[in-house]
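Along the sequence shown, the residues carry numbers beginning at 1.
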Amino acid sequence: MKAIVALNSGSSSIKFGVYRLDQDHLPVHSAGGKIEKIGIAPAMRIATDDGEVLLERAWPDGAAMTHSDLLDILFDWARDHVEDHAIVAIGHRVVHGGTRLVAPERVTPALLDELEALSPLAPLHQPHNLVAIRSLARLAPDLPQVACFDTAFHHDKPALASRMAIPRALHESGIRRYGFHGLSYEYVASQLRQIDPEMAQGRLIAAHLGNGASLCAMKDGRSIDTTMGFTALDGLMMGTRCGRLDPGAVLHLQTQLRYSAQQVETMLYTQSGLLGVSGISSDMRELESSPEPAAREAIDLFVRSAAREAGALCVALEGLDALVFTAGIGENAPAVRAAICARLAWLGIDIDAASNAAGAPVISTAQSRVKVRVLPTDEERMIALHTVRLLYGDPS
Ligand code: ADP
């Protein structure tokens with residue numbers, strides 16, 4: 001009997017899921033969790049779907065513990081946990097697949113080199129995705145590893161949605177709009193096909209609002225446009241990333257204020273967004289509970305940014321039938337959902353205050369022309385499915 005582990009490895013956290021495979025090789029979730037505060041004071045928590053906590057460990061003095069050290073502990077735990085099942089593969093989220101990698105691939109040394117070369121395009125994510133792959137290759141050299149790309153879901157969007165208005169040769173060289181959060185959007189689309197087929201077929205905007213945030217315009221469950229572009233900086237304002245920005249501002253920073261390329265990168269990726277505007281925090285919960293006007297302003301700008309980008313995607317969709325909120329903010333911040341929907345009321349969006357406050361699956365009123373849902377994402381499940389499909393074929 002077989003089991004697999006799905007990993008979503010970031011700079012300071014690793015999310016994971018452990019799955020047993022049934023007789024048809026369908027992954028059945030067995031446990032999942034998160035390692036947080038890597039590099040500061042790591043803490044690991046693993047629980048079942050029913051909320052039973054299976055492991056809780058913290059290392060208050062563990063600043064020196066590496067991703068590799070923690071994955072070693074996690075992997076040992078997972079091997080014990082699955083008991084008579086053998087872990088046969090690890091699936092990974094890899095943020096950037098570039099132009100060539102448009103479907104999950106088995107990891108090889110050559111693939112790792114190719115992914116390494118894409119790291120400058122996703123400096124917050126890609127290096128940490130690859131650290132996990134390399135660590136596990138050391139810990140279990142014979143275990144197959146599968147890379148699942150966030151860019152892949154968007155790869156067959158219309159050609160114009162991939163273009164920036166820059167010289168052709170640069171587009172040909174790969175400077176184009178890829179789009180991200182693909183595993184999350186693919187999961188949302190697959191869930192909707194099961195729970196609300198009509199919605200899945202319609203003109204839909206999915207809003208992945210977490211630390212990273214983007215929107216995806218879908219028709220019939222396929223991405224036709226998205227707010228992130230060449231890198232995961234474009235589009236919506238995020239926790240620490242700027243979102244849509246006048247490129248002239250970057251030139252000004254470099255030529256007039258003498259910022260180095262590294263300083264610009266640090267500013268755009270880690271000092272902007274909710275953190276930069278508020279000067280307080282990148283965390284929506286903290287901003288919502290802060291009495292500071294700058295916290296309010298940061299939230300208002302986030303809402304404006306999300307609504308404005310949603311308006312732009314309605315052009316790509318030629319209208320709107322449905323809106324889905326997902327990820328940390330999308331799933332858990334009713335006031336933010338309400339504010340975004342209020343700005344989009346002219347599209348025929350009308351939400352029910354009580355359903356929204358309760359985070360009900362459907363938060364729009366019966367009269368609302370646009371149906372609005374809250375749907376928890378599960379990127380780990382998507383990674384698990386892709387891993388199984390690549391190794392054993394489609395289980396469905
Ligand atoms: P990541 O992109 O790291 O996966 P998440 O999807 O976990 O991020 O989203 C993190 C964001 O969700 C943070 O801004 C956090 O404050 C926000 N969030 C989580 N729970 C709540 C809540 N109950 N109310 C408001 N915001 C929340």
Side-chain angles (χ1 to χ4, degrees), residues 8 15 17 29 32 34 49-51 153 180-218 221 223 226-227 235-239 274 283-285 287-289 299 302-307 309-311 313-314 317 320-345 347-382:
N8 179 352
K15 293 182 191 169
H29 191 250
K34 199 172 181 181
D49 281 346
D50 303 334
F153 185 65
F180 299 88
H181 290 138
L183 293 163
S184 175
Y185 292 130
E186 194 177 1
Y187 177 78
V188 166
S190 70
Q191 286 297 295
L192 285 179
R193 266 196 292 277
Q194 289 172 28
I195 60 175
D196 195 341
E198 196 185 329
M199 191 167 182
Q201 283 162 10
R203 297 165 299 180
L204 171 94
I205 292 178
H208 179 109
L209 309 179
N211 282 315
S214 72
L215 306 178
C216 180
M218 291 187 219
S223 168
T226 186
T227 55
L236 268 64
M237 172 180 173
M238 305 176 218
L274 292 170
D283 190 290
M284 185 58 86
R285 270 168 301 199
L287 295 181
E288 286 193 319
S289 59
I299 298 172
F302 179 87
V303 167
R304 177 184 189 274
S305 163
E309 299 294 331
L313 289 186
C314 289
L317 289 166
L320 187 69
D321 302 312
L323 175 62
V324 180
F325 287 101
T326 193
I329 297 171
E331 292 165 27
N332 301 301
V336 175
R337 288 195 300 258
I340 293 171
C341 289
R343 276 191 174 259
L344 296 173
L347 281 167
I349 294 181
D350 181 29
I351 62 165
D352 177 70
S355 307
N356 182 45
V362 176
I363 60 170
S364 47
T365 62
Q367 300 78 41
S368 183
R369 218 191 45 69
V370 174
K371 189 167 179 182
V372 185
R373 278 186 174 275
V374 177
L375 202 162
T377 193
D378 191 347
E379 289 156 301
E380 288 73 51
R381 171 145 198 92
M382 217 56 241

- Test side chain to side chain contact (heavy atoms under 4.5 Å, CB included) applied to S214 and L236, step by step: CA-CA 6 Å; S214 72; L236 268 64; 5.6 Å; no
- Task: Flag yes if more than 12 heavy atoms outside R369 fall under 6.0 Å of its CZ atom; otherwise flag no.
- Result: yes
- Item | Test side chain to side chain contact (heavy atoms under 4.5 Å, CB included) applied to F325 and L375, N332, I340, the passing residue | I340
- Would M199 and V324 count as a side chain to side chain contact (heavy atoms under 4.5 Å, CB included) if you check the C-alpha gap in whole Å, the side-chain angles of each, and the deciding distance to 0.1 Å? CA-CA 10 Å; M199 191 167 182; V324 180; 3.6 Å; yes
- First locate atom CD1 of I363, then atom CG of D350, and finally report the distance between them rounded to the nearest 0.5 Å. 10.5 Å
- Query: Ignoring hydrogens and geometry, is there a side-chain-to-backbone donor-acceptor pair from R337 to E331 under 3.5 Å?
  - Reply: yes
- Query: Which distance, rounded to the nearest 0.5 Å, do you find between the CE of M382 and the OH of Y185?
  - Reply: 15.0 Å
- Item | Any pair counted as ring pair (Phe, Tyr, Trp, His ring centres under 6.0 Å), so long as it reaches residues 188-212, sequence neighbours left out | H181-H208
- Query: Less than 4.5 Å apart, any side-chain heavy atom of I205 and any of C314?
  - Reply: yes
- Take C341 and L323 through the side chain to side chain contact (heavy atoms under 4.5 Å, CB included) test and state the conclusion after the steps. CA-CA 9 Å; C341 289; L323 175 62; 4.2 Å; yes
- Note on the structure: Heavy-atom closest pair (S368 atom, G348 atom, distance to 0.1 Å) is OG-O, 3.2 Å
- Message: So which atom in F153 and which in G221 form the shortest heavy-atom distance, rounded to 0.1 Å?
- Response: CZ-O, 3.4 Å
- Message: Between L209 and F302, is there a side-chain heavy-atom distance shorter than 4.5 Å?
- Response: yes
- Message: What I'd like to find out is whether the side chain of L192 reaches to under 4.5 Å of the side chain of L204, using heavy atoms alone.
- Response: yes
- Note on the structure: Sorted by chain and number, sequence neighbours left out, side chain to side chain donor-acceptor pair (under 3.5 Å) with K15 holds for none
- Any sub-3.5 Å donor-acceptor pair from N356's side-chain atoms to P334's backbone N or O? yes
- Message: Counting C-beta onward and ignoring hydrogens, is there a side-chain heavy-atom pair between K371 and D321 closer than 4.5 Å?
- Response: no
- Side-chain contact, heavy-atom cut-off 4.5 Å: E288 with V336? yes
- Taking atom CG of L313 and atom OG1 of T226, what is their separation to the nearest 0.5 Å? 7.0 Å
- Item | Chi angles and distances behind the side chain to side chain contact (heavy atoms under 4.5 Å, CB included) call for L274, M237 | CA-CA 7 Å; L274 292 170; M237 172 180 173; 3.8 Å; yes
- S184 pairs by side chain to side chain donor-acceptor pair (under 3.5 Å) with which of T326, T377, D378? T377
- Message: Distance check, rounded to the nearest 0.5 Å: D283 atom CG versus S289 atom OG?
- Response: 8.5 Å
